[in-house]
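These notes concern the structure reproduced below.
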Amino acid sequence: MNKYLIDYHINGHAKYFDFYLFVNPLGRKCFFSEQEISRTKALISSKVDLNILCVCNEYILNDFLSRIGLTNCSLKVRNEVYHKLYHTALAIKSASLQGKQKSRHYFLCLENNLEKDMSKLTQDTLYQIAELANLDVDLFIEDYQSKLVRKLYLNDLKIAQSMTVHKTPTLVVFDSTNDLGGYKIEDNVTLKSALELLDQMMICQCDCSPINIKSTHPLFILH
């Protein structure tokens, strides 16, 4: 097994990256991407602040409905799917208040217990999964029902909007050691694509040449 880590430096200065991974909490492809980005973080020596944001806007909802074959569904079905995504996002945000690792474990338990069947998803199911994930269930329920969690979720939506996130999974990467904008990968978020993006970001900083990567688009840096 290769124990060497990938090291990112420019002129002797270590890099520090901010990763924003936007996911659909019920999307299997998003779950796979979360695992891939966790592997990426473990493979590089640079400090990485990984933020996983569960979001659902009109674009993401339409994309998800298309993926599961409900493009021409009724308004009732559309609203039902949206509410399942919304409440699952609130549940994962509630879990995150007990720590990032516990939030990811909750995400894993959620994926393993639903088994592609959204009909199983109820409020009681979200509470039961909190117990399976070894969370403080009483605290989880209190947070899930709180205005704070809804406010935090709305803030995640604003972040997604500012980064023009229209589908999931989407990865946005910033180099915190400079003032350049961030870059994003849509849909094809894998270990390979993330490492290719980081390599291209380093090349761009070294020679100031423009980045030209398929499915990767420069963004304005957030202020």
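These numbers come from the heavy atoms of this one structure, side chains and all, not from hydrogens, waters or symmetry mates.
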### Query
Just wondering, are more than 12 heavy atoms of other shown residues or ligands nearer than 6.0 Å to CD in Glu131?
no
pair [X]-[Y]: side-chain heavy atoms closer than 4.5 Å:
X	Y	result
Thr88	Cys54	no
Leu126	Tyr144	yes
Leu197	Tyr183	yes

### Message
Please enumerate all residues that pass side-chain hydrogen bond (donor to acceptor under 3.5 Å, both in side chains) together with Ser66, with sequence neighbours excluded.
### Response
none
### Results of side-chain hydrogen bond (donor to acceptor under 3.5 Å, both in side chains) for Arg67 - residues two or more places apart only
Asp63, Asp187
Hydrophobic clustering (ILVMFWY, side-chain heavy atoms < 4.5 Å, transitive) - are [Y] and [X] grouped together?
X	Y	answer
Leu90	Leu139	no
Tyr59	Leu171	no
Val189	Phe32	no

### Query
Looking at Tyr16, is Lys47 sitting on its ring face, NZ or CZ under 6.0 Å from the six-membered ring centre and within 45 degrees of the normal?
yes
### Query
Can we say Lys84 and Glu80 salt-bridge, meaning some charged N sits less than 4.0 Å from an Asp/Glu carboxylate O?
no
### Task
Give the C-alpha distance, both sets of side-chain angles, the deciding distance and a yes or no for ring-ring contact (aromatic ring centres under 6.0 Å, His included) between Phe174 and Phe19.
CA-CA 7 Å; Phe174 290 92; Phe19 283 15; over 10 Å; no
